[in-house]
Amino acid sequence: KSGEMARLTQFVDNEVFRAFATYATIVVLKMMLMSVTTSYFRLTRKAFDNLEDTVSFGTGESAKKLVRTHPDVDRVRRCHLNDLENIVPFFGIGLLYALSGPELSSALLHFRIFTACRIVHTFAYLIPLPQPSRGLSWAIGYVVTFSMAYNIMKSVLYL
């Protein structure tokens, strides 16, 4: 068992892994905040998915009118869905990339650009900023994830 623990501490001593853990935590927390943002928009716009969620705002027919869609709530939900579609692959590929032994400077570049792109994407989606800001922030982050995948394939996989 002490040998297993020694191997686990190698991750903590690995600067690239620590960098990945830092930026992965940032983007996962950002993604989690989208749930809170959705709730905020639901409450302030009084637009709910389920009748039981309207209890604080009325009963009967008045409550039924609150089970509806709202463009602001839908926008936040689409932004959250986009996070799920991009941060989950980043998490898996980024972990493999971090463990593949890249240079710290290259890894930091990948992780920082991806993180910045996801934050810009969220602001571009929610404010909303004019296009192509949202599209570019998405595309650059997507390319970064593919770049890490390419580096994994060329350095550690047997094809």
Side-chain angles (χ1 to χ4, degrees), residues 3-45 47-50 53 68-159:
E4 289 177 32
M5 197 56 132
R7 283 187 293 241
L8 289 175
T9 60
Q10 288 175 346
F11 288 126
V12 177
D13 293 336
N14 181 328
E15 287 183 287
V16 174
F17 181 78
R18 287 190 356 239
F20 168 72
T22 300
Y23 290 99
T25 300
I26 291 168
V27 294
V28 168
L29 286 173
K30 189 219 83 59
M31 183 172 62
M32 290 172 63
L33 282 172
M34 295 307 297
S35 297
V36 176
T37 306
T38 302
S39 295
Y40 169 79
F41 276 88
R42 283 193 181 289
L43 290 169
T44 58
R45 305 319 191 258
F48 303 96
D49 277 345
N50 306 299
D53 298 336
R68 62 190 179 94
T69 60
H70 190 282
D72 293 342
V73 175
D74 288 343
R75 181 171 278 278
V76 175
R77 292 180 71 194
R78 287 192 307 272
C79 185
H80 193 184
L81 179 60
N82 192 277
D83 273 352
L84 289 167
E85 293 168 349
N86 289 274
I87 292 173
V88 171
F90 166 80
F91 195 85
I93 290 172
L95 178 60
L96 293 174
Y97 176 69
L99 298 175
S100 72
E103 292 292 323
L104 177 61
S105 60
S106 176
L108 282 170
L109 187 64
H110 281 92
F111 302 154
R112 287 174 176 164
I113 290 173
F114 181 85
T115 301
C117 284
R118 292 317 304 170
I119 291 168
V120 168
H121 181 270
T122 297
F123 283 113
Y125 220 131
L126 297 183
I127 289 176
L129 297 176
Q131 283 287 29
S133 58
R134 188 179 83 235
L136 280 174
S137 61
W138 169 82
I140 293 168
Y142 207 71
V143 167
V144 166
T145 303
F146 268 100
S147 174
M148 290 187 297
Y150 172 77
N151 281 293
I152 294 165
M153 304 249 315
K154 90 174 182 182
S155 66
V156 297
L157 292 184
Y158 295 101
L159 297 177

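We number each residue from 1, following the sequence as shown.
Residues H80 and T37 form no side-chain contact, since every pair of their non-hydrogen atoms from C-beta on lies 4.5 Å or further apart. Between F17 and L95, the closest side-chain pair of non-hydrogen atoms falls below 4.5 Å. Looking only at side-chain heavy atoms (C-beta outward), E85 and L81 come within less than 4.5 Å of each other. Taking the side chain as every heavy atom from C-beta outward, I119 and T115 approach each other to under 4.5 Å. A heavy-atom distance below 4.5 Å is not found between the side chains of Y125 and T122.
Between the CD1 atom of I113 and the CD1 atom of I140 there is a distance of 8.0 Å, given to the nearest 0.5 Å. With values rounded to the nearest 0.5 angstrom, S147 atom OG is found 8.5 Å from L109 atom CG. To the nearest 0.5 Å, the span separating CG on N151 from OG on S100 amounts to 7.0 Å. Atom CG in L96 sits 11.5 Å away from atom CE in M153 (nearest 0.5 Å). Rounded to the nearest 0.5 Å, atoms CD1 (I87) and CD1 (I26) are 11.0 Å apart.
Under the side-chain hydrogen bond (donor to acceptor under 3.5 Å, both in side chains) criterion, S137 pairs with no residue, sequence neighbours left out. Looking at residues two or more places apart in sequence or on another chain, you find no salt bridge (charged side-chain N to carboxylate O under 4.0 Å, His left out) involving D74. For L43, the side-chain contact (heavy atoms from CB on, under 4.5 Å) partners are F48, F57, not counting sequence neighbours. Not a single ring pair (Phe, Tyr, Trp, His ring centres under 6.0 Å) links F41 to another residue, sequence neighbours left out. For the side-chain hydrogen bond (donor to acceptor under 3.5 Å, both in side chains) test, no residue two or more places apart in sequence or in another chain qualifies with T22. Considering only residues two or more places apart in sequence or on other chains, A98 meets the side-chain contact (heavy atoms from CB on, under 4.5 Å) condition with V16, F20, F111. Residues passing the side-chain hydrogen bond (donor to acceptor under 3.5 Å, both in side chains) test with R75, sequence neighbours excluded: none. Under the ring pair (Phe, Tyr, Trp, His ring centres under 6.0 Å) criterion, F146 pairs with Y142, not counting sequence neighbours. R78 meets the salt bridge (charged side-chain N to carboxylate O under 4.0 Å, His left out) test with no other residue; sequence neighbours excluded.
Comment: R77 engages D49 in a salt bridge, judged by a side-chain N to carboxylate O separation of less than 4.0 angstrom.
Residues in residues 140-152 take part in no salt bridge (Lys or Arg N to Asp or Glu O under 4.0 Å) pair, two or more places apart or across chains. Each salt bridge (Lys or Arg N to Asp or Glu O under 4.0 Å) pair with one or both residues in residues 103-132, not counting sequence neighbours, appears once here: D83-R118.
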* Please step through side chain to side chain contact (heavy atoms under 4.5 Å, CB included) for the pair L126 and M34, ending with a clear verdict. => CA-CA 10 Å; L126 297 183; M34 295 307 297; 4.0 Å; yes

* With side chain to side chain contact (heavy atoms under 4.5 Å, CB included) as the test, would you mind laying out the steps for T145 and N86 before giving the verdict? => CA-CA 9 Å; T145 303; N86 289 274; over 6 Å; no

* Report the C-alpha distance between Y40 and V36 in whole Å, list the side-chain angles of each, state the deciding distance to 0.1 Å, and finish with yes or no for side chain to side chain contact (heavy atoms under 4.5 Å, CB included). => CA-CA 6 Å; Y40 169 79; V36 176; 5.6 Å; no

* Asked: Between V27 and F91, does a side chain to side chain contact (heavy atoms under 4.5 Å, CB included) hold up when you go through it step by step?
  -> CA-CA 9 Å; V27 294; F91 195 85; over 6 Å; no

Going by atom type alone, with no hydrogens or angles, which donor-acceptor pairs under 3.5 Å involve a side-chain atom of residues 127-134 and a protein atom two or more places apart or on another chain?
| unit_1 | atom_1 | unit_2 | atom_2 | d |
| --- | --- | --- | --- | --- |
| Q131 | OE1 | R134 | N | 3.3 |
| Q131 | OE1 | G135 | N | 2.9 |
| S133 | OG | P130 | O | 2.6 |

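Two rings, from F114 and H110, have their centers 6.0 Å or more apart.
A side-chain donor-acceptor contact under 3.5 Å links Y97 and S106.
Put simply, the side chain of N50 never gets that close to the backbone of D53: no donor and acceptor are under 3.5 Å apart.
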